[in-house]
Trainee: 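Handing you this structure, nothing more for now.
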Amino acid sequence: MVMSKFNMEHTGQVNLKVRIPSIDSLLDVTDDNEEANLTKPGSSFAFNSDNEQEDDFQNNDSGCSNEANFTKPGLSSPFSSDNEQEDDFENNDCGYSHEANFTKPVSSFAFPTDNEQHDDQNNSYLDLNKQPQPIHHNWTNCFKYIPQIPETPLYKSKPTSIEFYNNKNRVKLNEMFLDRSDLDKEYRLKALEDGYEFVSKKSNPNTYSIKCRQNEKCAWFINAKRWKNSDVFQITKMNDVHTCCRTQTHPNHRNANKKIIAHIIKDKLEDGSRDLKPKDIQKDILSHYNTSISYKQAWRGKDFGLQTLRGSPLESFEMLSYYCYNLEKKNPGTVTRIKTNDAGVFEILFIALGASLLTFRNHLRPLLIVDAAHLKGGYQGTNFQAVGMDGNNQIVPIAYGICRGETGDLWSWWMSVLKECVGDNPNMVIISDRHPSIALSIRNEFPSAFHAICCRHLMMNLKLKNKKVKGLYWGICKAYTPDEWQRKMNILWSVQPEAYQKLMEADPTRWARAHSPRPRYNYCTSNSVESVNACTVRWRKLPVTLLTDTYREMVQKWYFERRKAAAKMKYEITDWAAHKVQKRIRKSVSWVVYGIDEFQYQVFDGLYNRLVNLRTDECDCRKWQLSGIPCGHVIAVSS
């Protein structure tokens, strides 16, 4: 490559004009002091490969570097090859370098080909003696092949029809409705589903017309008229197209009254497995209709829905006597009593199903567990319960009732009716908490019964320190022998004396199994009746008639399931008792038995020598007497 060289010390005027392609419209020009180093394709996009020659730069007097010599790679390069025209660079007086001659390659990406533009149209003369002027690139021709952007008209919203939101709505032209309330319900459902609010345009006994509330100029309206001599309403005219803007929204939809909300949540209210709260109703309405309602609207809708399904509390009390009459008629042996005051106001209710009474008198142990729970309906009140335990350690509801409060006279009246149903058994044991009204009623109505205290309620009054002390307390309560009981009480005295003192004040015969004068059958707490209260916690919100019927339904379901289970039992005793006996059989295999006479035996269990008397059905461990199930010592003798 031969380059044009100029002696910068030459004092004469150099007048040289060369023709170069004018690429101003297609390629930007670098600054004056920028190196004239273009990208030369080869093995690298922006740098020369190892096979290419290094560029030689020469500095002029002004300190500007110019490309003095460089090698041009293959034909795909934007530079000329050796066979093409040589490039001449000349320096002017000011030290600027200009490309004297430049050849346009055929396949260059940055330059037009000969077929696109003619050289004579794009060539210009450049005077190298003149100081170059800044070149401003014009990009006009680069975008000449891009199509023009079409003009887009302004978007105009289309009128919204109800068919887009709900195709199942009954509000249609010429549609008929049973009465005005049915028409109003469909109006409001349509408003919720549509996302609009309406106001009454004309409302009288014969006409019911509505219009859009969003904008008075909105063309949406519905007119309905009543048929002559009938309650039927028919839609005569309607324009189901809103011309107002949907972006305007109002919080707490004004057309969502309590009847509409109750209609929407009806299925969920019938499902008793879910305790529907007003906040849940708000979320359901928002997710289904994309509309908000207030907490007050949700509460009113739920209350109205419950009254529609269950009836009002006042109506329920009025229906109570009719319910009791039919209950006695359909269930032989059932006992119901209703007590009112002198003014005829309700006081207390007693119900005992005939099947439960028959079971208690003929098959259950003489044990009753009683307790009370507070109602949560509109009139509040208290729920009385008395349950027994069957041979499979399952709960049997004996009697239940509803009263205005847990007072002594009401408990006494309720216990007196219970005594008429179950009788006054001299071996009766009644377990309850230490409520004074219950204790008074038991002393008055069951004088021969033994009143035992619930150990769970007693423990709550002791304020025990930690879990270890609580475990010691339960060991004291469940001890079978007086020696074991005394040993553990001494430990409690050393650990927490105040608890020891309270236990002694509570009379150990009423809470300690070791000192119980009558068999408690291993039931130390009132958890059985508390379990029934836990099952009915949601029912206690119902009106009284519906509440009493849920108890009847629960007893009926339990009896049916237990009758099927009893038919599959393998032994004459229940599965629960058989499991305990089998466990004690395995435990007493290695125990040693010494005979005394035909009915008395001595059994060594590895710790104690126990005396078994088969004539009196007694054992020194006292498990046989207190539970009714043979202990391991008796099983060892019989085996």
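Note that the structure is a prediction, hence the values are computed from the model and not measured.
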Trainee: Is it true that a side-chain atom of N393 and a backbone atom of M389 form a donor plus acceptor pair closer than 3.5 Å?
Mentor: no
Trainee: Enter the distance from D433:CG to I438:CD1 here, rounded to the nearest 0.5 Å.
Mentor: 4.5 Å
Trainee: Measure across I395 and S528 and return the closest heavy-atom pair with its distance rounded to 0.1 Å.
Mentor: CD1-O, 3.3 Å
Trainee: Measure from NZ or CZ of R365 to the centre of the six-membered ring of Y521, then state whether that distance is under 6.0 Å and the direction lies within 45° of the axis.
Mentor: yes
Trainee: Determine whether more than 12 heavy atoms belonging to other residues, nucleotides or ligands lie under 6.0 Å from atom NZ of K258.
Mentor: no
Trainee: Given L418 and M415, is the side-chain contact (heavy atoms from CB on, under 4.5 Å) satisfied, shown in steps?
Mentor: CA-CA 5 Å; L418 180 62; M415 284 289 186; 4.1 Å; yes
Trainee: Is it true that atom CZ of R552 has more than 12 heavy atoms of other residues, nucleotides or ligands lying nearer than 6.0 Å?
Mentor: yes
Trainee: If you count every heavy atom of other residues, nucleotides or ligands that lies below 6.0 Å from F599 atom CZ, does the total exceed 12?
Mentor: yes
Trainee: Could you tell me whether the side chain of T291 and the main chain of Y289 form a donor-acceptor pair under 3.5 Å?
Mentor: yes
Trainee: Assess R520 against Y523: is NZ or CZ under 6.0 Å from the centre of the six-membered ring, and within 45 degrees of the ring's axis?
Mentor: no
Trainee: Once rounded to the nearest 0.5 Å, what's the spacing between atom CG of L368 and atom CZ of F446?
Mentor: 6.5 Å
Trainee: To the nearest 0.5 Å, what is the distance between CD1 on I351 and OG1 on T336?
Mentor: 6.5 Å
Trainee: Do other residues, nucleotides or ligands put more than 12 heavy atoms under 6.0 Å from K339 NZ?
Mentor: yes
Trainee: When you measure from the side chain of Q625 to the backbone of C619, do you find a donor-acceptor pair of N or O atoms at a distance under 3.5 Å?
Mentor: yes
Trainee: Return yes if some donor-acceptor pair links the side-chain N/O of T574 with the main-chain N/O of G391 below 3.5 Å, else return no.
Mentor: yes
Trainee: Take a 6.0 Å sphere around CH2 of W558 and say whether it holds more than 12 heavy atoms from other residues, nucleotides or ligands.
Mentor: yes
Trainee: Could you give the distance from CG (L269) to CZ (F304), rounded to the nearest 0.5 Å?
Mentor: 11.5 Å
Trainee: Taking atom NZ of K580 as the centre, does the number of heavy atoms from other residues, nucleotides or ligands within less than 6.0 Å exceed 12?
Mentor: no
Trainee: Tell me, with the steps shown, if I281 and K277 meet side-chain contact (heavy atoms from CB on, under 4.5 Å).
Mentor: CA-CA 6 Å; I281 299 174; K277 298 180 180 179; over 6 Å; no
Trainee: Would R513 pass as a cation-pi partner of Y480, given that its NZ or CZ must be under 6.0 Å from the six-membered ring centre and within 45 degrees of the axis?
Mentor: yes
Trainee: May I ask you to establish whether R518 and F450 are in a cation-pi arrangement, using a distance under 6.0 Å from NZ or CZ to the six-membered ring centre and at most 45° from the ring axis?
Mentor: no
Trainee: When rounded to the nearest 0.5 angstrom, what is the spacing between OH in Y500 and CE in M504?
Mentor: 4.5 Å
Trainee: If we ignore hydrogens and angles and just use 3.5 Å, is the side chain of N326 paired with the main-chain N or O of Y322 as donor and acceptor?
Mentor: yes
Trainee: Taking the side chain as everything from C-beta on, heavy atoms only, tell me whether W539 gets closer than 4.5 Å to M554.
Mentor: yes
Trainee: How far does CE of M460 sit from SG of C455, to the nearest 0.5 angstrom?
Mentor: 13.5 Å
Trainee: Under a plain distance cut-off of 3.5 Å, with no hydrogens placed, do H374 and N383 share a side-chain donor-acceptor pair?
Mentor: no
Trainee: Can the ring centres of F350 and W413 be said to be less than 6.0 Å apart?
Mentor: no
